[in-house]
Undergrad: 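Below: one structure in structure tokens.
Chain naming here is simple, since letters A, B, ... match the order of the sequence lines and numbering starts at 1 in each.
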Amino acid sequence: MLDKTFDPKTAEPRLYEAWEKSGGFAPTDDPNAEPFSIVIPPPNVTGSLHIGHALNNTLQDVLIRFERMRGKAALWLPGTDHAGIATQMVVERQLAQSGNLSRRDLGRDDFVAKVWEWKAQSGGTIVNQLKRLGASCDWSRERFTLDEGLSAAVRKVFVQLHKQKLIYRDKRLVNWDPHFQTAISDLEVEAREVDGHFWHFAYPLEDGSGEIVVATTRPETMLADTAVAVHPSDERYKAVVGKAVRLPIVNRPIPIIADEYPDPGKGSGAVKITPAHDFNDFMVGKRHNLPVINIFDDFARLNDNAPPEYRGLDRFEARRKVVEAFEALGLLREIEKTRHTVPHGDRSGVVVEPYLTDQWYVAAEVLAKPAIKAVEEGDTVFVPKNWEKTYFEWMRNIQPWCVSRQLWWGHRIPAWYGPDGRAFVEETEAEAQKKADEHYGRPVALKQDEDVLDTWFSSGLWPFSTLGWPEKTSDLARFYPTHTLITGFDIIFFWVARMMMQGLHFTGQVPFKRVFINALVRDAEGKKMSKSKGNVMDPLELVDDYGADALRFTLTAMSGQARDIKLSRQRIEGYRNFGTKLWNATRFCQMNGCARAEGFDPAAVKAPLNRWIVGETTRTAQAVTAALADCGFGEASEHLYRFIWNQFCDWYVELAKPLLQGDDAAARAETQATAAWVLDVILKLLHPVMPFITEELWLSTADLGARRGEGGYLMTARWPDLPESLIDAGADAEVALIIAAITEGRSVRQGLNVPPSAQPALLVVETTAAQRGVLEANAALVQRLLRVSEVRFVDAVPAGAIPYVVEGATLALPVADFIDIAAERARLTKEVGSLTGEIAKISGKLNNADFVSRAPEEVVEENRERLAETQAAKARLEEALARLGAAG
RNA sequence: GGACGUGUAGCUCAGCGGGAGAGCACCUCGUUGACAUCGAGGGGGUCACAGGUUCAAUCCCUGUCACGUCCA
């Protein structure tokens with residue numbers, strides 16, 4: 001006998017271990033099985049599971065469990081990402097906290113060793129957390145982006161792209177993060193709106209004939225100005241173009257140039273030009289061959305190109321000092337408050353500097369072309385489809401991708417430099433040495449590039465590098481392209497786009513056929529959850545409190561397409577209760593001898609109730625299957641919830657009680673067998689979403705009755721495939737009548753405050769012959785559930801009885817003795833009022849000649865029927881009201 | 001400034017060209033052995049606003065307002 005409730009705390013670890021031991025997470029060896037593969041979006045190796053991971057991985061697990069049960073060779077390939085900047089940051093912070101040497105003091109090799117130590121220590125955390133969620137990944141295939149195999153793939157890709165001239169070294173302005181002292185890509189820059197100022201500075205003309213006023217939000221950069229620009233059409237400045245101003249503080253003449261860039265309508269119309277420290281100014285400088293003066297070092301402190309008294313100052317100190325100097329010189333014309341966007345490093349949170357450096361770039365604009373085409377032609381589809389627009393938008397405007405990072409944790413760039421700085425890009429140092437020696441005609445010393453690659457460079461290879469590429473492995477042949485990628489829209493650019501580009505370039509095939517973009521879990525204000533905002537919900541705490549199944553069901557149910565999820569504990573609790581409900585329904589069946597019958601055929605059951613539930617089970621199985629096949633996660637859970645709770649528990653179990661506890665042995669046996677069969681189907685259908693509780697129930701009912709065709713675990717049982725022919729419209733109608741008679745009768749009783757203990761008769765007044773038969777046959781049932789003394793067939797509604805209509809049949813409850821006549825009169829009057837309104841509405845339609853002539857025949861007919869029914873119901877209520885008047 | 005999305009019951013959301021839905025919350029009643037992590041019943045909404053298309057609009061179109069996200 002089952003306990004009263006499911007205990008996730010003890011059952012979940014036990015079941016997970018059993019699954020893992022069974023080998024069921026690995027794809028079947030059956031060569032005829034259709035492959036279905038998913039690669040996990042690799043979480044940061046040193047990270048821990050947050051609610052977004054919980055959602056993303058729940059959906060992947062739902063899908064993989066579903067397809068596994070459908071008999072496919074289902075592979076969910078797990079792994080982790082080395083997450084360069086994020087991990088290096090964590091370890092550096094740890095070093096600082098424990099009073100160790102800093103990264104630089106430690107040196108590269110020792111520091112990297114420390115990171116590996118940290119990885120060994122905490123790298124298993126997130127994997128174990130995924131297990132607690134129930135994730136059925138094939139752990140035997142687990143990969144890490146810094147694995148030897150994946151690193152080899154990275155080197156191969158880099159070298160090949162270089163040989164194809166799709167990777168090149170270039171000196172240009174990059175986004176420089178002064179906190180980490182590394183370049184970052186455009187995507188890693190976050191524009192934040194902040195309060196700032198416009199400082200209006202006067203630059204005196206060299207010839208003493210006046211001044212030009214320029215405004216800037218970054219006064220310190222004026223030390224590196226090399227021109228002042230005005231628009232060529234700007235009449236105010238026509239005369240001074242070609243002249244020079246004397247740059248204050250620095251005391252250097254710089255030219256006044258004409259360029260399209262300045263907006264004459266903004267401020268004075270004149271703009272200071274600092275090519276080394278502004279992206280727009282850099283372009284202007286290029287057009288006019290202006291000198292590029294860099295005044296910062298890697299930490300964004302002023303270097304020796306600045307006047308002596310500024311050297312070594314932080315950029316913000318320098319800013320204050322420059323403003324003070326202008327004030328002292330009498331050249332500060334105005335300070336204007338402003339709100340403007342300032343680029344910040346997404347990891348460091350500090351203001352990013354445009355900074356002139358040598359970096360490696362990928363010609364993304366070339367790789368993007370096939371990636372755009374593949375989505376245009378439907379080789380890869382986005383679900384929901386709207387996200388294609390986001391993808392296209394970015395891909396069509398893609399910029400060269402800066403892939404070098406001045407970090408230590410990551411894939412070191414496979415480039416070696418000769419004595420004259422010439423780069424030899426090869427997969428191994430030996431190969432580079434060989435090429436270098438050949439080139440120089442003598443043995444030379446090479447020095448490897450100090451930089452590592454952007455983390456996304458290696459994760460862009462994930463769908464094929466994890467399957468063994470560049471080796472031609474059987475996994476690669478079988479599981480690539482992968483089928484579905486499930487991820488968040490926040491990394492469409494970072495990751496999805498890069499996988500598309502690199503996958504197509506190196507394998508000639510799309511990396512996945514379908515991309516499902518899951519919602520973002522947000523807080524109440526619609527903000528992303530983040531640690532710094534302190535608005536996170538810890539999924540593991542939720543698992544502790546409600547069990548993994550409850551959290552999974554909640555996330556699945558709420559994952560409507562293209563939506564934000566606002567998570568609440570109440571909701572999770574509700575789905576925990578749902579699990580308990582199923583648990584107890586199973587317990588009830590167990591207590592009532594429900595057991596699988598040998599050779600049970602759902603098509604052969606006789607009792608209408610059983611035929612009905614077999615049909616409903618079929619409908620549900622079909623709906624859930626269709627939904628899951630289409631990533632309709634919310635829809636699938638909705639069908640499951642309604643069927644299990646509102647049909648199976650609320651009605652089937654209740655209606656089956658007389659059969660299960662009655663004297664008709666044949667009917668009892670059939671009902672026991674049917675219930676057992678339905679439960680088995682329910683467990684299967686619900687398993688992908690709630691794997692633990694369903695598996696526990698599956699195992700604990702394994703010995704009830706005939707053995708299941710499929711032995712072992714529910715996880716690897718066969719998904720139900722039920723034919724339409726199991727649906728019996730006649731049985732549906734019968735059960736619908738019984739349910740309606742009871743529901744409406746209850747409504748009448750309670751609406752009139754008839755005490756629960758009162759047991760009037762149920763009078764059946766007017767029915768079809770078939771309905772009469774149904775009510776006769778199920779009299780005992782109706783007595784029990786409606787709490788009436790008997791079901792009696794009469795010719796007319798007697799005085800003092802309250803009639804009600806279901807499915808066109810008139811029933812009545814003689815409850816005058818129990819009720820408040822005035823309250824009943826009020827109730828009936830209100831009801832008549834609402835019916836009158838409805839009648840007016842419908843007849844309005846039907847009296848409209850256009851409606852009758854133009855609307856489809858069925859719609860018109862439907863309205864006619866509704867009108868007739870509503871009028872009949874109203875007539876009956878008015879009759880009852882009249883009788884009430886007579887009685888009162 | 002551009003793109004995308006959202007405005008439906010107190011809250012969270014589903015629905016979608018022809019009778020306004022669910023869960024939670026709320027109110028009333030109820031422990032007949034599956035379940036109080038429960039059961040029964042009930043109240044509650046000019047489906048953001050304004051136009052348009054249509055026999056018919058919460059649903060389609062246009063505009064307005066509000067909010068959100070992303071990209072400049």
Undergrad: Respond yes when some side-chain nitrogen or oxygen of A:R866 is under 4.0 Å from OP1 or OP2 of B:G19, and no when none is.
TA: yes

Undergrad: Please give the distance between the P atoms of B:C65 and B:A50 as a whole number of Å.
TA: 15 Å

Undergrad: Would you indicate, yes or no, if B:C38 has its OP1 or OP2 atom less than 4.0 angstrom from a side-chain nitrogen or oxygen of A:W583?
TA: no

Undergrad: I'd like the C1' distance from B:C11 over to B:C71, given in whole Å.
TA: 33 Å

Undergrad: Would you say the side chains of A:T10 and A:D7 form a donor-acceptor pair under 3.5 Å?
TA: yes

Undergrad: Using atom P of each nucleotide, how far apart are B:C38 and B:C24 to the nearest Å?
TA: 8 Å

Undergrad: Can you tell me if A:K657 touches the phosphate of B:A34, counting only side-chain N or O atoms and a distance under 4.0 Å to OP1 or OP2?
TA: yes

Undergrad: What interatomic distance, in whole Å, is found between P of B:G39 and the corresponding atom of B:G7?
TA: 30 Å

Undergrad: Verify the contact: side-chain N or O of A:K4 to OP1 or OP2 of B:G33, cut-off strictly under 4.0 Å; return yes or no.
TA: no

Undergrad: Taking only N and O in the side chain of A:N386, is any of them less than 4.0 Å away from OP1 or OP2 of B:G5?
TA: yes

Undergrad: Just N and O in the side chain of A:K581: are any of them under 4.0 Å from OP1 or OP2 of B:G39?
TA: yes

Undergrad: Hey, does the side-chain of A:E654 have a donor or acceptor N/O within less than 3.5 Å of a partner on the base of B:A34?
TA: yes

Undergrad: Expressed in whole Å, how much space separates the C1' atoms belonging to B:C49 and B:C67?
TA: 15 Å

Undergrad: Cut-off 3.5 Å, no hydrogens considered: what does the side-chain donor-acceptor table look like for residues 654-662 of chain A, sequence neighbours left out?
TA:
| from | atom 1 | to | atom 2 | distance (Å) |
| --- | --- | --- | --- | --- |
| A:E654 | OE1 | A:K657 | NZ | 3.3 |
| A:E654 | OE2 | A:K657 | NZ | 3.2 |
| A:Q661 | NE2 | A:N592 | OD1 | 3.2 |

Undergrad: Among B:A34, B:G23, B:G18, which nucleotide has an atom closest to any side-chain atom of A:P856?
TA: B:G18

Undergrad: Answer yes or no: does a side-chain N or O of A:S568 lie under 4.0 Å from OP1 or OP2 of B:C11?
TA: no

Undergrad: Scan A:C589 against the nucleic acid and name what it touches under 4.0 Å (heavy atoms): base, sugar-phosphate only, or nothing.
TA: nothing

Undergrad: For B:G21 versus B:A9, give the span between their P atoms, rounded off to a whole number of Å.
TA: 14 Å

Undergrad: Could you write out RNA chain B as a dot-bracket string, with dots for unpaired bases, | for bases paired across to another strand, and Watson-Crick or G-U pairs counted at under 3.5 Å?
TA: (((((((..((((....[..)))).(((((.......))))).....(((((..]....)))))))))))).

Undergrad: What integer distance in Å separates A:N577:CG from B:C38:C1'?
TA: 9 Å

Undergrad: Distance between the P atoms of B:A22 and B:G15, in whole angstroms?
TA: 15 Å

Undergrad: Could you work out the separation of B:G10 and B:G19 based on their C1' atoms and round it to a whole Å?
TA: 26 Å

Undergrad: How about A:N646 and A:W651: do any of their side-chain heavy atoms sit closer than 4.5 Å?
TA: no

Undergrad: Evaluate A:F516 against A:F633 for ring-ring contact (aromatic ring centres under 6.0 Å, His included), listing each step before the verdict.
TA: CA-CA 11 Å; A:F516 180 77; A:F633 299 104; 5.2 Å; yes

Undergrad: Are there more than 12 heavy atoms of other residues, nucleotides or ligands under 6.0 Å from atom NZ of A:K874?
TA: yes

Undergrad: Out of A:T617, A:V735, A:N610, which one pairs with A:Y652 under the side chain to side chain contact (heavy atoms under 4.5 Å, CB included) rule?
TA: A:N610

Undergrad: Could you check whether any side-chain heavy atom of A:M501 comes within less than 4.5 Å of a side-chain heavy atom of A:I398, counting everything from C-beta outward?
TA: yes

